[in-house]
Amino acid sequence: SRSRQDYQTPDEFMRSIMRRLKISHFTWDLAADEDNTQAGCWYSEADDSLTKKWHTHDGWSWLNPPFGHVAKWVQKAAEESKLGAYIAMLVPASVGANWWRDWVDRQAYVLLLNGRLTFVGETAPYTKDSACLLYTPIGCKGYEVWSWR
């Protein structure tokens, strides 16, 4: 069976990441719908966010992509950050995956989340560890274990 791909990020985590970034809001949600967006503007599945120019957006963009196809999303984030985009991205902490090696390691600042997320509507925490990737044009890179609660 196919795993669910539309988990909504919990508000507690969103408040925590915004405090961390010292922002009051995200300007764009790069993979959302009207029921789960974390920003005033968003790209839906029908909009095909991967074909858009994220670097043209002001401020920080949020991205909680479908985890089943994360490689193309981290590649796009890495490429767009080199053009000027600021992107905070929630992903499984799959440090052994090729996509991690190619598009995360030495390309983003990685916040390894200490404390598993319980997505909106779920009763138990997500079964895998997660990371929040910070892609910026200034090239801040590195790793940190972040107790986000």
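Atom CD of E144 is surrounded by more than 12 heavy atoms from other residues, nucleotides or ligands within 6.0 Å. More than 12 heavy atoms of other shown residues, nucleotides or ligands fall within 6.0 angstrom of atom CZ in R20.
Using modelled atom types and a 3.5 Å distance limit, the side chains of W146 and S16 yield no donor-acceptor pair. Checked by atom type, the side-chain pair D33/S44 shows no donor-acceptor distance below 3.5 Å.
Residues satisfying the ring-ring contact (aromatic ring centres under 6.0 Å, His included) criterion with W28, sequence neighbours excluded, are Y43, H57. Under the side-chain contact (heavy atoms from CB on, under 4.5 Å) criterion, S94 pairs with P92, A97, W99, not counting sequence neighbours. Under the ring-ring contact (aromatic ring centres under 6.0 Å, His included) criterion, Y109 pairs with no residue, sequence neighbours left out. Qualifying ring-ring contact (aromatic ring centres under 6.0 Å, His included) partners for F26, counting only residues two or more places apart in sequence or in other chains: W62. Listed by chain and number, the residues in a side-chain contact (heavy atoms from CB on, under 4.5 Å) with K53 are H55, T56 (sequence neighbours excluded).
A pairwise comparison of heavy atoms in P65 and A31 identifies CA-CB, 4.4 Å as the closest pair. The minimum heavy-atom distance linking P66 with W73 is given by the pair CD-NE1, 3.6 Å.
Hydrophobic clustering (ILVMFWY, side-chain heavy atoms < 4.5 Å, transitive): L83 and W103 are in distinct clusters. No path of Ile, Leu, Val, Met, Phe, Trp and Tyr side chains, each step under 4.5 Å between heavy atoms, connects M18 with W42, placing them in separate hydrophobic clusters. Both F67 and M14 belong to a common hydrophobic cluster when Ile, Leu, Val, Met, Phe, Trp and Tyr are linked at side-chain heavy-atom distances under 4.5 angstrom. In terms of hydrophobic clustering, with Ile, Leu, Val, Met, Phe, Trp and Tyr side chains grouped at heavy-atom distances under 4.5 Å, V91 and L134 are assigned to different clusters. Placement of L21 and M89 in two distinct hydrophobic clusters is found when ILVMFWY residues are connected by side-chain heavy-atom separations under 4.5 Å, directly or transitively.
The shortest side-chain heavy-atom distance between C132 and W148 does not fall under the 4.5 Å cut-off. Counting heavy atoms from C-beta on, the side chains of W54 and I87 come closer than 4.5 Å. Counting only heavy atoms from C-beta outward, the side chains of N114 and D129 never approach each other to under 4.5 Å. Proximity of C41 to D29: side-chain heavy atoms (C-beta onward) are nowhere separated by under 4.5 Å. A 4.5 Å side-chain heavy-atom check between S49 and L30 finds at least one atom pair inside the cut-off. Taking the side chain as every heavy atom from C-beta outward, L133 and W100 approach each other to under 4.5 Å. Counting heavy atoms from C-beta outward, V110 and L112 have side chains that approach closer than 4.5 Å. Contact annotation: the side chain of R116 never approaches that of K128 to less than 4.5 Å [non-hydrogen atoms, C-beta and beyond].
Ion pairing between E80 and K52 fails under the 4.0 Å rule for side-chain N and carboxylate O.
T51 places a side-chain N or O within donor-acceptor distance of the main-chain N or O of D48, the cut-off being under 3.5 Å. A distance-only check finds a donor-acceptor pair linking the side chain of K76 to the backbone of L50 [under 3.5 Å].
Put simply, the residue from I17, L113, L63 that forms a side-chain contact (heavy atoms from CB on, under 4.5 Å) with L90 is L113.
Within the structure, no pair that satisfies the salt bridge (charged side-chain N to carboxylate O under 4.0 Å, His left out) test touches residues 57-70, not counting sequence neighbours.
One distance of note links CD of E122 with CD of Q8; it measures 11.0 Å at 0.5 Å rounding.
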